[in-house]
Amino acid sequence: MRSHYRDVVYVENECDSWLQCTVWTNVNPQPPKMLTVGPGTTEHAQTSGGSQRDDPRAFGICHRK
């Protein structure tokens, strides 16, 4: 029996500006998830509900909003 994992990407914003971020993993790169992260906060997005890999790599791009 194979285990299933939920892949979750966290973005911690240590800036004084709002960030608009696009995040994904190597396990489930499409579609990327969009996050808006406020100053001094952390947000997360689930990128996969049924991954069979226990070692995903997270990627992301953020821009000031």
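In this chain, numbering begins with 1 at the start of the sequence shown. All values below come from the heavy atoms of this structure, side chains included, with hydrogens, waters and symmetry mates left out.
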Query raised in the report: Any idea which heavy atoms bring Thr36 and Lys65 closest together, and the distance?
Result: CG2-NZ, 3.7 Å

**Report entry** Smallest separation among heavy atoms of Val9 and Ala58, with atom names
**Finding:** CG2-CB, 4.0 Å

Report summary line: Sequence neighbours excluded, the answer for side-chain contact (heavy atoms from CB on, under 4.5 Å) partners of Ser17 is Arg64

Query raised in the report: Can you name the nearest heavy-atom pair linking Asn13 to Gly38, along with the distance?
Result: ND2-O, 3.1 Å

Query raised in the report: Looking only at heavy atoms, what is the nearest atom pair of Val11 and Cys21, with distance?
Result: CG1-SG, 3.9 Å

Query raised in the report: Can you tell me if Asn26 uses its side chain to pair, donor with acceptor, with the backbone of Arg57 under 3.5 Å?
Result: yes

Report summary line: Tightest non-hydrogen contact, residues Leu35 and His44, listed as CD2-O, 3.5 Å

Query raised in the report: Rest of the hydrophobic cluster containing Ile61 (Ile/Leu/Val/Met/Phe/Trp/Tyr, side-chain heavy atoms under 4.5 Å)?
Result: Trp24, Phe59

**Report entry** Where Gln20 and Met34 come nearest, the two heavy atoms and their spacing
**Finding:** NE2-CE, 3.4 Å

Report summary line: Residues at least two apart in sequence or cross-chain that pass side-chain hydrogen bond (donor to acceptor under 3.5 Å, both in side chains) with Glu12, listed by chain then number, are none

Report summary line: With sequence neighbours left out, the residues meeting side-chain hydrogen bond (donor to acceptor under 3.5 Å, both in side chains) with Thr42 are none

